[in-house]
Amino acid sequence: MNEYFDLLKEWCDRLLSLQVTEFQEKEFYGGIMCPSCGRIHGRCADAIYPMMTMADITKDEKYVTCAKRLFRWSDNLYRKEGCYYNDTNSDWRGITVFFVIQLGEALLEHGHLLDRVTADAWRERLNRTADYLADHIEEIGGNINYPVTCAHAMAVAYQVLGDPRYRSKAGELSHKALDCFTEDGLLYGEGKKRDELSPKGCRPVDLGYNVEESLPGLLSCAVMIGEKEVELAAERAMKIHLEFMLPDGAWDNSWGTRNNKWSYWGSRTSDGCQPGYGLLAKKSPEFAEAVRRNTRLLKACTHDGLLHGGPMFNSAKEPPCVHHTFCHAKALAALLDLGWAEETIENGTESLPSDRRCGITEFPSVQVRLIGRGPWRATVSDYDVEYSEEGHATGGAVTLLWHERLGPVFTGTMGRYSLVEPNNMQIPRNTVPLCLTPRLEYQEHGIIYRNINDKAAEVICVEEKDEIVIVTRGTMTDSGQQGDSRFEIRIRITDGAFTMEPWCEREAILYLPLVSRSGERVEPAADGDGVDICRGQGSRLKVRASGPLTVSQDRLFNPVGGMEAVLCQMKVDTEVSYHGIIISESLERRMR
C-alpha cells in the first residue's frame with residue numbers, strides 16, 4: 001500500500017510474534033515479551049490500537065485476536081479505583097492517560113470490528129479510567145506531558161462516550177497548557193518542578209517529549225473539541241519546535257532535560273511526531289516533509305521487525321527494547337487513520353528549517369544555540385536546568401555536530417549514564433556506556449572535573465564574514481558544581497572545517513568521541529597527528545590535531561542517542577601556547 005503501512009505492518013507482525021500464548025497464567029498470557037529486558041512491559045497493551053488499525057486495513061482477524069489478548073493481559077496492571085500502574089514494580093498511575101488515549105482511539109476508529117461482549121468490556125474500562133483521570137489528574141502530578149496529553153485523553157473519551165464532563169475537562173486542561181510556553185515558543189514543564197526558573201532564567205524543557213507526545217496531544221485535543229485558540233497555539237509551537245529537526249529526520253534532543261531518553265529519532269517511550277505534524281500537513285508542506293523524513297529514519301533504525309533505540313544499536317549488537325516499537329506503532333496507526341499515503345507529500349522536495357539554516361538561531365529560554373554554516377549543523381548549550389545529576393551536558397558544550405554528507409559527528413549524552421527511569425531505559429550488554437560529549441576533563445583525588453558540568457559558564461556566539469565563532473569561558477567542575485580551574489574553548493566553523501581550541505589552567509585531556517559505526521575503517525593520518533574515519537560512499541571524517549592524538553580502535557556505545565564512537569584523546573598542557581583540532585570532510589578520490 002505505502003511505506004507507512006509497510007512499516008506499521010512490520011512492527012505489528014513482530015510484536016504479535018512476541019505475544020505470550022504458551023503460558024495460560026494470567027500474569028503472562030497475552031503480554032508482549034521484550035527481547036532486551038527479558039520481561040513484559042506494563043505498557044505493552046498500548047499496542048491494542050495499532051493492532052486494531054492493522055486489522056481494519058488488512059481484514060486479518062489475527063490482529064483483533066492479538067488486541068483482545070493484550071486487553072486481557074492489561075488486567076494485571078489495572079487497579080479497582082480505575083487507574084493503571086506503570087509496571088508490576090512501579091505504582092506510577094499517570095500512565096493511565098496513554099491507556100485511555102489508545103483504547104479510545106481503537107474504539108473510535110475500529111470498534112466496529114469487535115463483538116458486542118468485547119466492545120462493551122472495552123467501553124466500560126474506558127469509562128472507568130476516564131472518570132479516574134477527570135477526578136485525579138491534578139493530584140497525580142508529574143511532568144507537563146501528563147496534563148497536556150490528559151486533555152487529549154478526555155477529548156477521545158468524549159468522542160467515544162459522549163459524556164460532556166470529559167469535553168469540559170479537555171477544554172480546561174488544554175487552555176491551562178497555553179500558560180506553559182516560553183517567550184521563544186517552547187513548551188516547558190519537563191522538570192521535577194514544572195515552573196522552575198534557573199539562575200540563568202531557563203525553564204525545564206525537553207524537546208523529545210514535546211514533539212513526540214505533548215504537542216501532538218494538545219493539537220489532537222483542540223481539533224477534536226473545536227478549541228481554535230488552542231489549535232493555533234499548538235500549530236505555532238510545532239512550527240517553532242521544527243527548528244530542532246535535523247536534515248536526516250532526527251530530533252536534536254542532545255540538550256533537553258530528559259536527554260537520558262534521547263534516541264536520535266525521538267524519545268524512548270513517547271509515541272512519535274507523526275500524528276501532530278500529520279494533522280498539519282495540509283497547512284504547510286514542511287510539516288508533511290517532517291513526517292516523511294522522521295518516518296524514514298524510524299524505518300532505517302528498524303531491524304528484525306523492531307525499532308531500535310538509535311541508529312547504531314544494531315551494529316553495536318545491542319538488542320532493542322519493544323517499548324520503542326509499540327509506542328511508535330501508535331503514532332503510525334494515527335497517521336494511517338488520518339488517511340496518510342505517499343501521495344500526501346508532493347515530490348518530497350520541501351526543505352526544513354535546518355536545511356536552510358545559515359547563521360545562529362538562539363533559544364534564550366534554554367540557553368541553546370542552533371548553528372548552520374555550509375554543510376555543518378551544530379548545537380551549543382549552557383542550559384542549566386537539571387532533571388538528574390549530570391543528566392545532560394552544559395557549560396557551552398557542543399552537544400551535536402552534524403555534516404550533510406558525514407552525518408552525525410558528535411552526539412551529546414548524559415555526563416554519567418544512570419537509570420533515571422529503570423523500567424524505561426537499557427543497560428548495554430556489550431560495553432560500558434561512557435559519555436560521548438566532546439569535553440575537557442581531568443581527575444583529582446578520584447573526582448572527575450569537566451567543562452560540560454559547569455552550569456555557570458558563559459558563552460559568546462558571533463557570526464563573522466567567513467566563519468562563526470563560539471567562545472566559552474567557565475570553571476572545570478565536578479557533578480556538584482565544585483572546582484576552581486578555569487577553562488576557555490574557542491570554536492570556529494567555516495564552510496570547510498570545524499575547529500576547536502581548548503585551554504585550561506591545569507593539565508587536562510580533550511576527549512573527542514567521534515561517531516563511528518563498527519566496521520568503519522579508522523586509519524592514522526599520513527600527514528601528521530590525526531586520524532581518518534572512512535564513512536563509506538567515498539567520504540572520510542578527517543581529524544587533525546596540534547599534538548599527538550591517542551585513538552582507540554574499540555568502539556564506545558551509549559544508549560543516549562544510540563551511537564557508537566571512536567574515542568580520540570589529546571593532552572592539553574598548560575605550558576603549550578596552542579592546542580587545537582580541526583575536523584573536516586575529505587573525499588577518497590582526493591586522498592589518492
Side-chain angles (χ1 to χ4, degrees), residues 360 369 371 373-382 393 395-403 406 408-410 412 435-442 449-452 454 457-476 485-516 522-533 540-552 565-586:
I360 304 165
R369 302 141 193 91
I371 295 165
R373 178 77 201 192
W376 301 99
R377 302 294 179 269
T379 304
V380 176
S381 171
D382 62 297
V398 179
T399 58
L400 186 112
L401 181 63
W402 188 94
H403 186 277
L406 296 168
V409 177
F410 294 133
C435 177
L436 297 191
T437 311
R439 64 197 183 275
L440 275 173
E441 181 178 306
Y442 69 84
Y449 297 86
R450 293 167 165 168
N451 70 295
I452 61 170
D454 183 15
E458 298 178 357
V459 179
I460 300 171
C461 282
V462 179
E463 184 175 2
E464 299 183 351
K465 181 180 178 182
D466 298 318
E467 63 184 4
I468 292 174
V469 179
I470 306 111
V471 180
T472 302
R473 298 184 181 96
T475 303
M476 302 285 285
S485 294
R486 301 291 296 171
F487 75 86
E488 179 176 309
I489 298 177
R490 182 176 295 268
I491 292 169
R492 300 178 186 275
I493 305 176
T494 66
D495 288 355
F498 171 93
T499 302
M500 178 181 287
E501 302 167 5
W503 169 85
C504 185
E505 278 186 335
R506 57 156 296 162
E507 186 177 291
I509 301 294
L510 178 65
Y511 285 86
L512 299 171
L514 299 161
V515 172
S516 175
V522 180
E523 301 173 350
D527 56 353
D529 293 308
V531 66
D532 291 333
I533 300 176
R540 291 186 178 219
L541 173 62
K542 179 179 176 181
V543 183
R544 295 296 179 266
S546 60
L549 201 64
T550 302
V551 182
S552 171
V566 169
L567 180 60
C568 298
Q569 301 176 52
M570 185 179 76
K571 183 178 177 181
V572 176
D573 194 324
T574 56
E575 295 181 2
V576 177
S577 59
Y578 171 81
H579 299 90
I581 60 102
I582 300 174
I583 299 175
S584 61
E585 180 199 24
S586 178

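FYI, side chains are in, hydrogens and waters are out, and symmetry mates aren't considered; it's all heavy atoms of this structure.
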Student: I'd like to check Leu400 versus Pro408 (side-chain heavy atoms, cut-off strictly below 4.5 Å). Are they in contact?
Tutor: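 In short, these two side chains do not touch, never coming nearer than 4.5 Å.
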
Student: Taking only residues two or more places apart in sequence, or in another chain, which ones meet Glu523 in a salt bridge (charged side-chain N to carboxylate O under 4.0 Å, His left out)?
Tutor: Arg521, Arg540

Student: How many angstroms lie between CG in Leu512 and CG in Leu549, if you round to the nearest 0.5 Å?
Tutor: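 Reported to 0.5 Å precision, the distance equals 6.5 Å.
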
Student: Distance from Ile489 atom CD1 to Cys504 atom SG, nearest 0.5 Å?
Tutor: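 Those atoms lie 9.0 Å apart.
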
Student: Can you name the closest pair of heavy atoms from Glu467 and Arg492 and give their distance?
Tutor: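 Heavy atoms only, the tightest pair is OE2-NH1, 2.9 Å.
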
Student: For residues Ala393 and Ser381, report the shortest heavy-atom separation together with the two atoms involved.
Tutor: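 For Ala393 versus Ser381, the nearest heavy atoms are O-OG, 4.0 Å.
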
Student: Check Gly412 against Thr437 and note the closest heavy-atom contact, atom names and distance.
Tutor: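 Nearest heavy atoms, Gly412 then Thr437: CA-OG1, 3.3 Å.
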
Student: Checking Val551 against Val522 for the side-chain contact (heavy atoms from CB on, under 4.5 Å) test, could you report, in this order, the C-alpha distance in whole Å, the side-chain angles of both residues, the deciding distance, and whether it holds?
Tutor: CA-CA 9 Å; Val551 182; Val522 180; 4.0 Å; yes

Student: May I ask you to say whether Asp382 pairs ionically with Arg369, meaning some side-chain N is under 4.0 Å from a carboxylate O?
Tutor: yes

Student: With Ile509, which residues qualify under side chain to side chain contact (heavy atoms under 4.5 Å, CB included), at least two apart?
Tutor: Tyr511, Gln569, Lys571

Student: Could you state the interatomic distance from CZ (Arg439) to CG (Asn451), rounded to the nearest 0.5 Å?
Tutor: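 The CZ atom of Arg439 sits 9.0 Å away from the CG atom of Asn451.
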
Student: Applying side-chain contact (heavy atoms from CB on, under 4.5 Å) to Val459 and Val380, what does each step give before you reach the verdict?
Tutor: CA-CA 9 Å; Val459 179; Val380 176; 4.2 Å; yes

Student: Determine whether a donor-acceptor pair (N or O, by modelled atom type, separation under 3.5 Å) exists between the side chain of His579 and the backbone of Asp573.
Tutor: yes

Student: Below 4.5 Å, heavy atoms only, C-beta onward: do Lys542 and Asp527 meet side chain to side chain?
Tutor: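 A side-chain contact under 4.5 Å exists here.
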
Student: Would you compute the distance between atom CG of Asp454 and atom CZ of Phe487 and round it to the nearest 0.5 angstrom?
Tutor: 5.5 Å

Student: Kindly indicate whether the side chain of Leu541, heavy atoms from C-beta on, has any atom under 4.5 Å from the side chain of Asp532.
Tutor: no

Student: Any carboxylate oxygen within less than 4.0 angstrom of a Lys/Arg side-chain nitrogen, looking at Glu488 and Arg486?
Tutor: no

Student: With a 4.5 Å limit on heavy-atom distance, are the side chains of Ile470 and Ile460 in contact?
Tutor: no

Student: Tell me, with the steps shown, if Arg544 and Asp529 meet salt bridge (charged side-chain N to carboxylate O under 4.0 Å, His left out).
Tutor: CA-CA 6 Å; Arg544 295 296 179 266; Asp529 293 308; over 6 Å; no

Student: To the nearest 0.5 Å, what is the distance between CD1 (Ile493) and CG (Leu401)?
Tutor: 6.5 Å

Student: Between Val543 and Ile582, is there a side-chain heavy-atom distance shorter than 4.5 Å?
Tutor: no

Student: With side-chain contact (heavy atoms from CB on, under 4.5 Å) as the test, pick out the partner of Trp376 among Thr494, Ile371, Asp495, Ile583.
Tutor: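 With Trp376 as partner, Thr494, Ile371, Asp495, Ile583 yield a single side-chain contact (heavy atoms from CB on, under 4.5 Å), made by Ile583.
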
Student: For the atom pair OG (Ser516) and CD1 (Ile533), what is the distance rounded to the nearest 0.5 Å?
Tutor: 4.5 Å

Student: Do you know the tightest heavy-atom contact between Arg490 and Val471?
Tutor: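 Of all heavy-atom pairs spanning Arg490 and Val471, the closest is NH1-CG2, 3.5 Å.
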
Student: Please find the pair of heavy atoms, one from Thr574 and one from Glu507, that lie closest to each other, and give the distance.
Tutor: CG2-N, 3.8 Å

Student: Given side-chain contact (heavy atoms from CB on, under 4.5 Å), test Val531 with Cys568 step by step and report yes or no.
Tutor: CA-CA 9 Å; Val531 66; Cys568 298; 3.9 Å; yes

Student: Would you check if Thr379 and Val398 make a side-chain contact, meaning some heavy-atom pair closer than 4.5 Å?
Tutor: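 The answer is no, as the side chains (C-beta and beyond) never meet within the 4.5 Å cut-off.
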
Student: Would you call Ile491 and Glu501 a side-chain contact if the rule is heavy atoms closer than 4.5 Å?
Tutor: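 Not touching, per the 4.5 Å side-chain cut-off.
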
Student: Within a radius of less than 6.0 Å around CD of Glu458, do more than 12 heavy atoms belonging to other residues, nucleotides or ligands occur?
Tutor: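 Open: at most 12 neighbouring heavy atoms sit under 6.0 Å from CD of Glu458.
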
Student: Does any part of the side chain of Val515, heavy atoms only, come nearer than 4.5 Å to the side chain of Val409, both counted from C-beta?
Tutor: no

Student: Please work out which of the three classes, parallel, tilted or perpendicular, describes the rings of Phe410 and Phe498, given edges at 30° and 60°.
Tutor: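 The rings of Phe498 and Phe410 stand perpendicular, inter-plane angle above 60°.
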
Student: Using a 3.5 Å distance criterion without hydrogens, assess whether the side chain of Ser546 forms a donor-acceptor pair with backbone atoms of Gly580.
Tutor: yes

Student: Might you point out which heavy atoms bring Thr472 and Gly395 nearest each other, and give the distance in Å?
Tutor: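 The pair with the smallest heavy-atom distance is CG2-O, 3.1 Å.
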
Student: Any donor-acceptor pair under 3.5 Å linking the side chain of Arg377 with the backbone of Gly374?
Tutor: yes

